[in-house]
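Notes follow the structure.
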Amino acid sequence: MQILRTVQELRSWTKSTRAIFGDSAKLGLVPTMGALHAGHLSLVRAAMDECSAVVVSIFVNPTQFGPSEDFDRYPRTFAADCALLEAESAQFEIAVFAPSVDELYPKGAKTFVEVDELSSRLDGHSRPGHFRGVATIVAKLLIVAAADRAYFGQKDAAQVAVIRRLTADLLIPTKIIICPIVREANGLALSSRNAYLTPEQREQALVLSRALRTIKSKFAAGEHSTTALKKAALEVFAEEPVVRLDFVEFVEWETLKPVESITEGNLCALAAYVGSTRLIDNLIF
Ligand code: PAF
């Protein structure tokens, strides 16, 4: 498995891989910040199913973290990440793109990608500047990798909306593929940030998926009013008062604009703090 450290190395890998696989080559990109778990591996496997070769980027992107957020302590487990990918890559061409910050943000960098309106909704409202950082790094990765398909998880549903908008607006031809949320058996959505949780907090964190299950069953029983669904979610959160709800919102997935009555394809997104760890989860109706 090749480890690519520079933009030039990634561009050469893309070129030579396309030469090997010929006209029918399909290259897949799986952007990650490392600390890989089964959720990431589901993206890698989806990419392996559909592509001739896959590059997994591992880059903790400084511009998507606010000044008081967890950039410094974000889990960095590069050796373990490579071992996981190595195990996947026995019969398959996987490369890892793990550049330095200077490589992706050249000295004097002044260009950022701002997706108007969407960037200030949901997580973008709670984390000002977050989606500017995400949009900027994802645009760079899509341009440099020049892959046919890029794979993202539904868990970051607002991020998905931002990325779909930016690829459409910047005329980037890479097809964006969204893969389902991967959960532990108890319902907890997998996240690299779960590593911050104590065993007790892991139990408390189950309130997020419990609230979503309540919303889902009320919706299935015919309740489409977002006021009523939100009330039901708040009641579930009240059972776990140590968990601080940041938001529970019902929106159109494409625009992230609030809706009053749910229709198919709408998104319910929530975010909450368990101790100082901010967790997110969602469901698509
Ligand atoms: O979802 C993530 O892990 C990150 O936001 C991404 C897409 C890799 C950009 O840094």
Side-chain angles (χ1 to χ4, degrees), residues 4 7 10 28-44 46-47 54-66 69-78 80-81 84-85 95-105 109 112-115 118-119 121-124 126-145 147 149-167 170 172 174-182 189-196 256 267 269 271 277-282:
L4 314 168
V7 165
L10 175 54
L29 167 68
V30 181
T32 81
M33 298 206 298
L36 300 184
H37 50 64
H40 296 111
L41 293 184
S42 76
L43 305 182
V44 174
V54 173
V55 58
V56 179
S57 64
I58 297 183
F59 179 69
V60 185
N61 172 36
T63 63
Q64 70 186 75
F65 291 80
E69 292 184 351
D70 56 343
F71 175 70
D72 287 336
R73 71 180 189 119
Y74 195 84
R76 288 161 172 85
T77 56
F78 188 68
D81 293 348
L84 282 175
L85 295 172
V96 171
F97 179 48
S100 66
V101 172
D102 291 348
E103 186 68 18
L104 290 190
Y105 291 97
F112 290 86
V113 178
E114 184 85 55
V115 180
L118 277 77
S119 284
R121 299 201 174 116
L122 302 185
D123 307 278
S126 309
R127 304 179 65 191
H130 170 65
F131 284 134
R132 181 182 192 248
V134 169
T136 302
I137 198 63
V138 169
K140 287 178 193 242
L141 291 170
L142 292 173
I143 291 167
V144 174
R149 291 161 183 253
Y151 294 78
F152 297 88
Q154 184 204 306
K155 188 174 77 64
D156 297 285
Q159 166 173 287
V160 165
V162 168
I163 291 169
R164 282 178 168 154
R165 190 68 263 163
L166 94 84
T167 48
L170 297 181
I172 294 176
T174 308
K175 189 168 176 196
I176 303 301
I177 312 285
I178 309 308
C179 299
I181 298 175
V182 179
L190 297 194
S191 162
S192 302
R193 289 191 169 96
N194 291 351
Y196 298 148
L256 304 182
L267 161 71
T277 304
R278 186 173 181 279
L279 299 177
I280 58 174
D281 203 346
N282 68 76

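Counting starts at 1 for both ligands and their atoms, in listed order.
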N or O contacts of ligand 1 with protein under 3.5 Å, please list pair by pair.
unit_1, atom_1, unit_2, atom_2, d
ligand 1, 1 (O), Gln159, NE2, 2.9
ligand 1, 5 (O), Gln64, NE2, 3.0
ligand 1, 5 (O), Gln159, OE1, 2.7
ligand 1, 10 (O), Gln64, OE1, 2.6

*asked:* If the condition is side-chain hydrogen bond (donor to acceptor under 3.5 Å, both in side chains), which residues does Ser42 pass it with, not counting sequence neighbours?
replied: none
Listing, residues 155-166 side-chain donor-acceptor contacts under 3.5 Å, not counting sequence neighbours, or none:
unit_1, atom_1, unit_2, atom_2, d
Arg165, NE, Asp169, OD1, 3.1
Arg165, NE, Asp169, OD2, 3.3
Arg165, NH2, Asp169, OD1, 2.7

_Using side-chain heavy atoms (C-beta onward) and a distance below 4.5 Å, is Ile137 in contact with Tyr105?_
yes
_Using every non-hydrogen atom in the two residues, find where Phe59 and Pro99 come nearest and quote the distance to one decimal._
CD1-O, 3.5 Å
*Not counting sequence neighbours, which residues clear side-chain hydrogen bond (donor to acceptor under 3.5 Å, both in side chains) with Arg193? List them please.*
Asp70
*Sub-3.5 Å donor-acceptor pair from the side chain of Ser192 to the main-chain atoms of Ala35, do we have one?*
yes
